[in-house]
A.B. asks: 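Structure below; questions to follow.
Computed from heavy atoms alone, side chains included, the values below leave out hydrogens, waters and symmetry copies. Labels below follow one simple rule: chain letters A, B, ... track the order of the sequence lines, proteins then strands, and each chain is numbered from 1. Since the model is a prediction, treat every value here as computed from it, not as a measurement.
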Number of protein chains: 2
Amino acid sequence: MDQNSLPPIQTTARDDAVLKALVGFVRAEALQPGERLPTERILAERLKVSRNTVREALTRWEGLGLVERRQGSGTYLKAAVSPDMLHLPLTLAGGNDFTSLMHTLEIRRALEAEAAALCAERASPGDIAEIERKLDIMEQAFRTRDGMSSEEDWEFHQAIYRVSGNPLFEQIIAAMHELFHRFWEHPLGVRDFGHASFPYHRTIYERIAARDPQGARDEALKLIATVEDDLKRGAAKLKLPSRT
Amino acid sequence: MDQNSLPPIQTTARDDAVLKALVGFVRAEALQPGERLPTERILAERLKVSRNTVREALTRWEGLGLVERRQGSGTYLKAAVSPDMLHLPLTLAGGNDFTSLMHTLEIRRALEAEAAALCAERASPGDIAEIERKLDIMEQAFRTRDGMSSEEDWEFHQAIYRVSGNPLFEQIIAAMHELFHRFWEHPLGVRDFGHASFPYHRTIYERIAARDPQGARDEALKLIATVEDDLKRGAAKLKLPSRT
DNA sequence: AGTGGTCCAATGGTCCAACCAATCTGCACA
DNA sequence: TGTGCAGATTGGTTGGACCATTGGACCACT
């Protein structure tokens, strides 16, 4: 390892400085996700900083999911780091109340509509073919199992996010996906949960294939509207509290 | 063999336990955002753990934006905590390149449009008056300084997010706001940067006041479109790299 | 060759006691 | 009545120590 890739730090604001130094180190050594980074003791020595300070910095990274610590083994990089990253530590109130779920659904509506519109603008013929393939798979699964198929449905939407050309859509919605799945798995007692949204998948695809951004946006809005509707019906049926 | 039949065993988890205890404490004392929580030293003593462990736990909360520490003053609650929260540590590879900036702008367009629509649906007369007040302030600042006023402009938009009734809008866009300001401060060499967006602030307000969700959505889309336009012009002028 | 057991060094997790730096509080002084 | 300084309070940092887990080296036995 290059000794010079870990120069001592200087000013106050230690732990932030440690993080910056670590970013520099990861770049200098071209560390890939999965690789191990130096031990806390070595980092402390190299950076001329107490081990506790190193630990505070690593705790921050661990909280952001950038790094994983394994006692007795070491600290491992979990994701790529770049000098200027944007961290959004979103904290959503518990997923078991109706209001929170509606909130995340509103975010999804916003992003879904925009992604569909961008997708309609930018999709290449190959992209359109790919989306159609996912759509066919989804429709097939829907018919055989006679109900919404979380997995295939999700893949269809992911394809749209990907083709939108903006990785942020996929990242944000993927993060929220977990929250939705708490309910997707248990359809709230609504027998045909998700049935209403089914036809809109194809209409969205058609608007994308026709390169009609506004049309794609409108269809996406309709799709989410049906999901909101199902959600409201389920909430009413279960007498879900509107607040925790 | 079923993978799930042998889950990893649970051994020690000091700092997680500390966090749980803190959640319990906050709920028991009914602490509101802004209030101060006990000293690190007191927490350490009460919980019968080392102050270092308390600090690791608090560092996590700070990283999630739940808490703010002020040296010499104390540690303050920044957001409501509930026993089951979902944390989304999104790390976006942002950067100073044109492409990343356009990506974040596309996210903002999605959220801005949706927030405006929701706002038009839900705003009370008082809310509308509040938004109009922010609009007046912004327009006033615009005229006197003959240019976009980041601060007042931002407050206008924030008011809309707030009235939308969905805190997630404000959280997400606030996190991205920092990224934008890197450029907002330096208008990319475009003299009248933001001028084009000015009139749409009022049209958005009018659509909200008229309780016209679709109209508000459309006007918001137009506003962002002008910003995208400015951005493209600035990028062309500065010959910004499209990738880092 | 392979299986299991034991030992040991490395590494993250926790603890302690002290000191530093920013902040707040209140009293003395003008 | 204000103002400024000194001490107390609080988070930030340090260095050193020990514990718990891990993983590899080594060994005995089959």
Side-chain angles (χ1 to χ4, degrees), chain A residues 1 3 6-22 25-26 29 31 33-79 81, chain B residues 6-22 25-26 29 31 33-79 81:
Chain A
M1 184 180 71
Q3 294 267 348
L6 274 179
I9 59 175
Q10 326 156 11
T11 64
T12 46
R14 301 280 205 217
D15 53 353
D16 271 341
V18 168
L19 282 186
K20 276 199 183 125
L22 273 185
F25 173 79
V26 171
E29 300 287 326
L31 281 190
E35 292 194 58
R36 219 189 74 173
L37 28 85
T39 67
E40 297 177 350
R41 289 171 175 87
I42 292 184
L43 285 175
E45 182 196 357
R46 290 273 204 287
L47 297 172
K48 292 280 184 282
V49 142
S50 155
R51 191 180 150 215
N52 273 343
T53 306
V54 171
R55 283 185 59 76
E56 290 245 336
L58 286 179
T59 300
R60 284 239 214 328
W61 269 20
E62 191 185 25
L64 290 170
L66 289 180
V67 115
E68 178 184 353
R69 294 151 124 177
R70 291 211 294 271
Q71 184 174 171
S73 176
T75 304
Y76 299 83
L77 204 57
K78 266 179 70 179
V81 295
Chain B
L6 273 181
I9 62 176
Q10 176 70 325
T11 56
T12 51
R14 279 280 206 281
D15 50 357
D16 271 342
V18 169
L19 282 186
K20 275 204 185 120
L22 273 185
F25 174 80
V26 170
E29 300 286 321
L31 281 190
E35 291 192 60
R36 220 189 72 171
L37 32 84
T39 306
E40 296 179 351
R41 290 171 173 86
I42 293 183
L43 286 174
E45 183 197 356
R46 288 272 200 286
L47 298 173
K48 291 280 184 268
V49 294
S50 150
R51 191 177 152 218
N52 272 356
T53 306
V54 171
R55 282 185 58 77
E56 290 244 340
L58 287 179
T59 299
R60 289 246 248 290
W61 268 20
E62 190 186 27
L64 290 170
L66 288 179
V67 114
E68 178 185 352
R69 295 151 120 178
R70 289 211 296 271
Q71 185 174 168
S73 177
T75 303
Y76 299 84
L77 205 58
K78 265 180 71 179
V81 296

A.B. asks: Do the side chains of A:Leu66 and A:Leu77 get nearer than 4.5 Å, heavy atoms only?
C.D. replies: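 A:Leu77 does not reach A:Leu66 side chain to side chain.
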
A.B. asks: Evaluate the side-chain proximity of A:Leu22 to A:Leu58: yes if any heavy-atom separation is below 4.5 Å, no if none is.
C.D. replies: yes

A.B. asks: Taking B:Arg60 first and then A:Glu62, would you say they form a salt bridge - that is, a charged N and a carboxylate O separated by under 4.0 Å?
C.D. replies: yes

A.B. asks: Side chains of A:Thr75 and A:Leu43: closer than 4.5 Å at any heavy-atom pair?
C.D. replies: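 A side-chain contact under 4.5 Å is absent here.
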
A.B. asks: For the pair made of CZ in A:Arg36 and C1' in D:dT22, what is the distance, rounded to whole Å?
C.D. replies: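 Taking atom C1' of D:dT22 as the reference, CZ of A:Arg36 is at 11 Å.
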
A.B. asks: For DNA chain D, determine which residues of residues 41-63 of chain B have any heavy atom closer than 4.0 angstrom to one of its atoms, and list them numerically.
C.D. replies: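 Going residue by residue through residues 41-63 of chain B, the ones with a heavy atom under 4.0 Å of DNA chain D turn out to be B:Arg41, B:Arg51, B:Arg55.
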
A.B. asks: Atom OG1 of B:Thr53 and atom CD of B:Glu40: how far apart are they, to the nearest 0.5 Å?
C.D. replies: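 The CD atom of B:Glu40 is 11.5 Å from OG1 of B:Thr53, to the nearest 0.5 Å.
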
A.B. asks: Given atom OH of B:Tyr76 and atom C1' of C:dA22, what is their separation to the nearest angstrom?
C.D. replies: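 The distance from OH of B:Tyr76 to C1' of C:dA22 comes to 12 Å, rounded to the nearest Å.
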
A.B. asks: A:Thr75 side chain N/O closer than 4.0 Å to the phosphate oxygens (OP1, OP2) of C:dG12?
C.D. replies: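 Result: yes.
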
A.B. asks: Please report the closest heavy-atom contact between A:Arg69 and A:Arg55, naming both atoms and the distance.
C.D. replies: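 Taking A:Arg69 first and A:Arg55 second, the nearest heavy atoms are NH2-O, 3.4 Å.
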
A.B. asks: Which residues in residues 66-73 of chain B have a heavy atom closer than 4.0 Å to any atom of DNA chain C?
C.D. replies: B:Gln71, B:Gly72, B:Ser73

A.B. asks: Check B:Glu68 with B:Lys78, please: is the shortest side-chain N to carboxylate O separation under 4.0 Å?
C.D. replies: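 Looking at B:Lys78 and B:Glu68, the cut-off is not met.
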
A.B. asks: List the atom of A:Pro33, the atom of A:Ala79, and the distance in Å for their closest heavy-atom pair.
C.D. replies: CG-C, 4.0 Å

A.B. asks: Side chains of B:Thr39 and B:Glu45: does their closest heavy-atom pair fall under 4.5 Å?
C.D. replies: no

A.B. asks: For B:Ser73 and B:Arg36, work out which heavy atoms get closest and say how close.
C.D. replies: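 Minimum heavy-atom separation between B:Ser73 and B:Arg36: O-NH1, 3.1 Å.
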
A.B. asks: Between the protein and nucleotides 4-9 of chain C, list every N/O to N/O distance that falls short of 3.5 Å.
C.D. replies:
none

